[in-house]
Amino acid sequence: MMAQIEPTVIKLAETRIDEKGIQELASRYGASDWLNRVRPTQPNDAEFLIELSGRTCYKSFGLGLNPNVTRIRENSRDYLTNVLEKGDGSILEHATVTFAFLNVSRVFTHEIVRHRAGTAMSQESLRYVRPREIGLWVPPDLETASSKVSETVREIEKRYHDLEAQFDWDKMTFEQKKRVTSALRRILPDGIATNLIWTANHRTIRWVIEMRTHPSAEVEIRTVFDKVAEICIRDYPLLYGDFTSKKLDDGTTQYTPKFSKV
Ligand SMILES: Cc1cc2nc3c(=O)[nH]c(=O)nc-3n(C[C@H](O)[C@H](O)[C@H](O)COP(=O)(O)OP(=O)(O)OC[C@H]3O[C@@H](n4cnc5c(N)ncnc54)[C@H](O)[C@@H]3O)c2cc1C
């Protein structure tokens with residue numbers, strides 16, 4: 001039977017600092033004073049790694065390390081805000097977040113794969129996985145016709161299982177099953193629920209939030225990236241502090257950065 005499902009976002013992983021490593025780097029760089037002063041006040045590993053990487057460029061851990069530097073931004077917020085303002089986004093690529101996008105459609109996955117720079121993706125395979133049922137999120141624009149949608153999906157599901165029954169699965173090798181499963185998926189709808197693991201660096205995440213929560217983007221990807229934006233603004237306040245939000249008529253939220261495409 002068709003299962004009505006909701007797209008879900010789970011944060012799975014994020015970049016972690018190796019404390020011994022940063023101590024060694026700081027001692028080689030003459031930046032131990034800076035490390036001991038700043039690290040306790042900035043325990044967020046992603047933001048700390050990005051700041052550390054950026055400061056390495058000019059040895060701007062303190063005055064005296066680089067004779068050309070006569071003034072430094074002391075605190076992390078000022079430093080990272082300046083990075084965003086100048087558009088020095090490449091250092092944001094040092095830290096990543098991994099999300100599970102569950103119960104998203106193949107409409108969604110087809111769109112998210114268009115963002116290639118700074119991403120890694122692993123999607124549930126419809127060559128290997130033979131679905132027992134079609135899970136489908138009913139978008140708000142179809143809510144008034146939701147019983148008709150269910151009926152249509154149930155019909156496709158029935159036809160799928162009729163076709164599936166034409167094959168003697170118990171006598172097939174794994175390779176044969178894979179080939180037929182892959183052939184059969186062609187009659188499944190784009191809206192069928194799937195699962196995707198998505199890793200992206202912070203430069204990319206900022207860009208995709210901006211693009212995909214824009215009112216002109218598709219409603220499902222907006223719904224998913226609203227959740228991504230909420231997590232990132234909560235967990236990385238200095239990297240996403242310039243985003244403002246605006247509620248849209250359909251209940252989704254648009255997130256717009258002050259500094260676009262850093
Ligand atoms: C509202 C909306 C509607 C859309 N409609 C369509 C549509 O109808 N048809 C369609 O085909 N697509 C459509 N797209 C997808 C769109 O065309 C892009 O492919 C997608 O948004 C990926 O963004 P990006 O090009 O910024 O790439 P990303 O991979 O996100 O890259 C980020 C940035 O890195 C740089 N970059 C990445 N790769 C390269 C490269 N190879 N060379 C140089 N610079 C690079 C660019 O500055 C790029 O903007 C739509 C997207 C949106 C948001």
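Note: hydrogens, waters and symmetry copies are ignored here, and every other heavy atom, side chains too, is used. FYI, the numbering just counts along the sequence from 1.
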* Asked: Quick check: are there more than 12 heavy atoms from other residues, nucleotides or ligands sitting under 6.0 Å from CZ of R37?
  -> yes
* Would you check if the side chain of T119 reaches a backbone N or O of H115 as a donor-acceptor pair within less than 3.5 Å? => yes
* Asked: Okay, side chain of N44, backbone of D235: is any donor-acceptor separation there less than 3.5 Å?
  -> yes
* Please walk me through it: do L188 and I134 pass side-chain contact (heavy atoms from CB on, under 4.5 Å)? -> CA-CA 8 Å; L188 292 170; I134 297 176; 3.9 Å; yes
* Asked: Under the salt bridge (Lys or Arg N to Asp or Glu O under 4.0 Å) criterion, do R154 and E157 qualify, and how do the steps go?
  -> CA-CA 5 Å; R154 274 199 302 270; E157 215 170 52; over 6 Å; no
* Asked: Under 3.5 Å, is there a donor-acceptor pair between the side chain of T15 and the main chain of T96?
  -> yes
* Is there a side-chain contact between K261 and R203 (heavy atoms, below 4.5 Å)? -> no
* I10 vs F99, side-chain contact (heavy atoms from CB on, under 4.5 Å): CA-CA, chis, key distance, verdict -> CA-CA 6 Å; I10 303 170; F99 295 98; over 6 Å; no
* Taking everything shown except H161 itself, do over 12 heavy atoms lie less than 6.0 Å from its NE2? -> yes
* Asked: If we ignore angles and hydrogens, is there a donor and acceptor under 3.5 Å between the side chains of Q254 and T213?
  -> no
* Can you tell me if E93 uses its side chain to pair, donor with acceptor, with the backbone of G89 under 3.5 Å? -> no
* pair W169-V180: side-chain heavy atoms closer than 4.5 Å -> yes
* Structure fact -> Minimal heavy-atom distance between N103 and E220, with the atoms involved, is O-OE2, 4.4 Å
* Any idea how Y240 and Y236 line up, ring-wise: parallel (<30°), tilted (30 to 60°), or perpendicular (>60°)? -> tilted
* Main-chain N/O of I17 paired to D45 side chain as donor or acceptor, under 3.5 Å -> yes
* Carefully, step by step, assess K11 and E14 under the rule salt bridge (Lys or Arg N to Asp or Glu O under 4.0 Å). => CA-CA 8 Å; K11 180 174 151 186; E14 63 186 340; 3.0 Å; yes
* Assess whether atom CZ of R234 is packed by more than 12 heavy atoms of other residues, nucleotides or ligands within 6.0 Å. => yes
* Donor-acceptor contact below 3.5 Å, side chain T204 vs main chain A200 -> no
* Asked: Strictly by modelled atom types, are E210 and T256 linked by a side-chain donor-acceptor pair under 3.5 Å?
  -> no
* Is there a side-chain contact between I205 and W198, using heavy atoms and a 4.5 Å cut-off? -> yes
* Would T109 and Q123 count as having a side-chain donor-acceptor pair, cut-off 3.5 Å? -> yes
* Are L102 and P7 side-chain neighbours, meaning at least one heavy-atom pair lies under 4.5 Å? -> no
* Asked: With side chains defined as the heavy atoms from C-beta onward, is the minimum distance between F259 and R206 less than 4.5 Å?
  -> yes
* Minimum side-chain heavy-atom gap F167-Q176 below 4.5 Å -> no
* N/O donor-acceptor pair under 3.5 Å between T252 side chain and L248 backbone -> no
* **Test applied, side-chain hydrogen bond (donor to acceptor under 3.5 Å, both in side chains); reference residue, S216; option that passes from R212, H214, E218** => H214
* To do: Return yes if a side-chain donor-acceptor contact under 3.5 Å exists between E47 and Q42, otherwise no.
  => yes
* Asked: Quick one: does NZ or CZ of R39 land under 6.0 Å from the six-membered ring centre of W34, within 45 degrees of the ring axis?
  -> no
* Structure fact -> What one should report as the nearest heavy-atom pair of I197 and A100 is CD1-CB, 3.8 Å
* To do: Would you name the heavy atoms of S182 and R185 that are closest together and state the gap between them?
  => O-CG, 2.9 Å
* Provide the closest heavy-atom pair for A229 versus I209 in the form atom of the first, atom of the second, distance. => CA-CD1, 3.7 Å
* Structure fact -> In terms of heavy-atom contacts, L92 and I50 come closest through CA-CD1, 3.8 Å
* **Non-hydrogen atoms of V129 and T181 that approach each other most closely** => O-CG2, 3.8 Å
* Asked: Can you list the steps and then say if L136 with V149 is a side-chain contact (heavy atoms from CB on, under 4.5 Å)?
  -> CA-CA 9 Å; L136 192 112; V149 172; 3.7 Å; yes
* Is the side chain of T8 donor-acceptor paired with the backbone N or O of E6 at a distance under 3.5 Å, no angle test? -> yes
* Any donor-acceptor N/O pair, K247 side chain to G251 backbone, under 3.5 Å -> yes
* Asked: Mind checking whether Y29 and F61 have parallel, tilted or perpendicular rings, split at 30° and 60°?
  -> perpendicular
* Check: T81 side chain, D78 main-chain N or O, donor-acceptor pair, under 3.5 Å -> no
* Do the non-hydrogen side-chain atoms of K59 and R55 ever get within less than 4.5 Å of each other? -> no
* Asked: More than 12 non-hydrogen atoms from neighbouring residues, nucleotides or ligands closer than 6.0 Å to CG on N75, yes or no?
  -> yes
* Asked: Taking side chain as C-beta onward, heavy atoms only, is F108 less than 4.5 Å from V224?
  -> yes
* To do: Please say whether the positively charged group of K258, taken as NZ for Lys or CZ for Arg, lies over the ring of F243, i.e. under 6.0 angstrom from the six-membered ring centre and within 45 degrees of the axis.
  => no
